[in-house]
Amino acid sequence: DPFALGTMAVDCGRDSVTLRWRVAQSQIDTSLLRLGGCYPSSISAGEAMFQVELSDCNFRRLVTGDTLMYMNELTYMSGPKAQLKSFSHLVVCAYERPADWAPRIFDPVFHTYGQGDLVFHMELMKDDFSGPHLSSEYPLGSFIHISAAVEQMFHQPLLLLLEECVATTTPELQSEGLVHPIITNKGCLVASKTSNSKFEPRQKASEIRLSLQAFKFTVGKEVYIHCNLLAWDPSGLDTSKKACHYVKGHGWVLLDDPYHSTLCGCCDSSCESRKTSGIASEKHGITQNAVLIGPLVVIDKSLA
């Protein structure tokens, strides 16, 4: 229980948030606390304070009925040999939805899925990942920036992985439809072997970023990207739980620990899942099997 380690006070302003975490146990290093992607604004004896804008720190917006909610995570990431375990706690600011608020015509979040106390998101992002990409069109050869994240309510911090992603011309996966593989073989970014596609460095464990070079797949038609997401114990990576991309001149590289890139050695063959019982796998993580973004359209300007 994170609150056995400290107390949290949140003051939700109109456009900003002030969060104070007061330490209950002396072994907590308050400099290791993070609010989304932000460091503490100030640290004093036994307390960390964050004063941030709702537009910063990777706050996520969710609209339900007449309520506008902003959600984030306060996380504490301890070292592997530290006595104190890492923890995370959900931070929520809820407001009455403004009367003039309306969703964008093109919403990069096609679906948000929840399972247990985990909520999964995927969205199309701007080039610098500072916010949602507001257009559905991508010129051939440009980059489609994708962010996937999991909101963790009461779980210990989990690592988010992309097990499989494919592009299709339909919102549903159909056996007769056109399918373009992006990520296969339990986390191998096969698109990186034939293009400049890559995983971006992580900002936090619960988010994974992908820069996908727009491909010549049904140019001019609507394209949907389907992915299997996996939230997993960060210490439990193996050949079936990983994020690997191909770096020209170096071969397959493991995103989260390049020194252990041997886990990616199966990407050109077959990465078998380790057999685990349902109870055992539940302790280490959970899979979300249906996450979809789109539609997006790849345009070839040379044909214009």
Side-chain angles (χ1 to χ4, degrees), residues 34-38 57-60 62 71-78 80 85-91 108-125 129 132 144-166 182-189 191-192 197-212 225-245 253-258 260 263-264 271 273 281-293:
R34 301 287 183 268
L35 179 59
C38 291
C57 306
N58 306 111
F59 271 93
R60 297 189 176 278
L62 181 66
M71 299 189 300
N72 213 327
E73 292 172 293
L74 179 73
T75 58
Y76 180 80
M77 300 301 290
S78 62
K85 298 289 187 182
S86 300
F87 64 82
S88 66
H89 192 80
L90 187 67
V91 177
V109 183
F110 193 90
H111 279 307
T112 298
Y113 291 89
Q115 190 163 346
D117 55 0
L118 298 179
V119 180
F120 293 85
H121 308 268
M122 280 192 77
E123 57 187 325
L124 300 170
M125 304 296 288
F129 288 89
I144 302 166
H145 299 287
I146 298 170
S147 170
V150 58
E151 300 288 350
Q152 302 167 205
M153 309 299 180
F154 304 108
H155 268 274
Q156 290 296 316
L158 295 171
L159 188 73
L160 188 70
L161 300 167
L162 293 172
E163 284 192 304
E164 182 180 11
C165 289
V166 297
I182 298 170
I183 295 173
T184 64
N185 225 347
K186 305 291 183 181
C188 302
L189 179 58
S192 62
S197 300
K198 61 180 178 177
F199 288 116
E200 298 291 350
R202 283 196 195 265
Q203 303 300 304
K204 54 181 178 176
S206 59
E207 179 186 22
I208 190 166
R209 295 176 172 183
L210 170 63
S211 290
L212 180 66
I225 297 176
H226 304 252
C227 291
N228 289 359
L229 270 60
L230 175 68
W232 197 252
D233 179 349
S235 64
L237 295 183
D238 60 34
T239 55
S240 66
K241 309 288 187 300
K242 62 191 184 305
C244 301
H245 55 190
V253 175
L254 185 68
L255 169 66
D256 294 295
D257 188 353
H260 287 85
L263 291 183
C264 304
C271 301
S273 298
S281 62
E282 182 69 21
K283 289 181 179 178
H284 291 90
I286 196 166
T287 301
Q288 175 58 58
N289 288 318
V291 177
L292 171 71
I293 58 172

K.L.:
Which heavy-atom pair separates Met122 from Ile146 by the least distance, and what is that distance?
P.N.:
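Taking every non-hydrogen atom into account, CE-CG2, 3.4 Å.
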
K.L.:
Looking at Cys271 and Cys188, are the sulfur gammas closer than 2.5 Å to each other?
P.N.:
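In this structure, Cys188 and Cys271 share no disulfide.
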
K.L.:
Would you say the side chain of Trp232 lies within less than 4.5 Å of the side chain of Asp238, judging by non-hydrogen atoms?
P.N.:
no

K.L.:
Taking side-chain contact (heavy atoms from CB on, under 4.5 Å) as the test, write out the residues that go with Glu200, two or more places apart.
P.N.:
Phe129, Lys198, Arg209, Ser211

K.L.:
Any side-chain heavy-atom pair from Ile183 and Glu163 closer than 4.5 angstrom?
P.N.:
no

K.L.:
With sequence neighbours excluded, tell me which residues meet side-chain hydrogen bond (donor to acceptor under 3.5 Å, both in side chains) with Asp256.
P.N.:
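side-chain hydrogen bond (donor to acceptor under 3.5 Å, both in side chains) check on Asp256 returns Arg202.
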
K.L.:
If you take all heavy atoms of Gly36 and Asn72, which pair is closest and at what distance?
P.N.:
CA-OD1, 3.0 Å

K.L.:
Do Cys57 and Cys38 have their SG atoms less than 2.5 Å apart?
P.N.:
yes

K.L.:
Closest approach of Asn58 and Gly37, non-hydrogen atoms and distance?
P.N.:
OD1-N, 3.4 Å

K.L.:
Are any of the side-chain heavy atoms of Thr239 and Lys186 separated by less than 4.5 Å?
P.N.:
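With C-beta onward as the side chain, the pair stays apart.
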
K.L.:
How many angstroms lie between NZ in Lys241 and CG in Leu230, if you round to the nearest 0.5 Å?
P.N.:
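CG of Leu230 is found 6.0 Å from NZ of Lys241.
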
K.L.:
Does the SG-to-SG distance between Cys264 and Cys244 fall under 2.5 Å?
P.N.:
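Cysteines Cys264 and Cys244 qualify as a disulfide pair, their SG atoms being under 2.5 Å apart.
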
K.L.:
Report yes if the side chains of Ile225 and Leu212 come closer than 4.5 Å at any heavy-atom pair, otherwise no.
P.N.:
yes

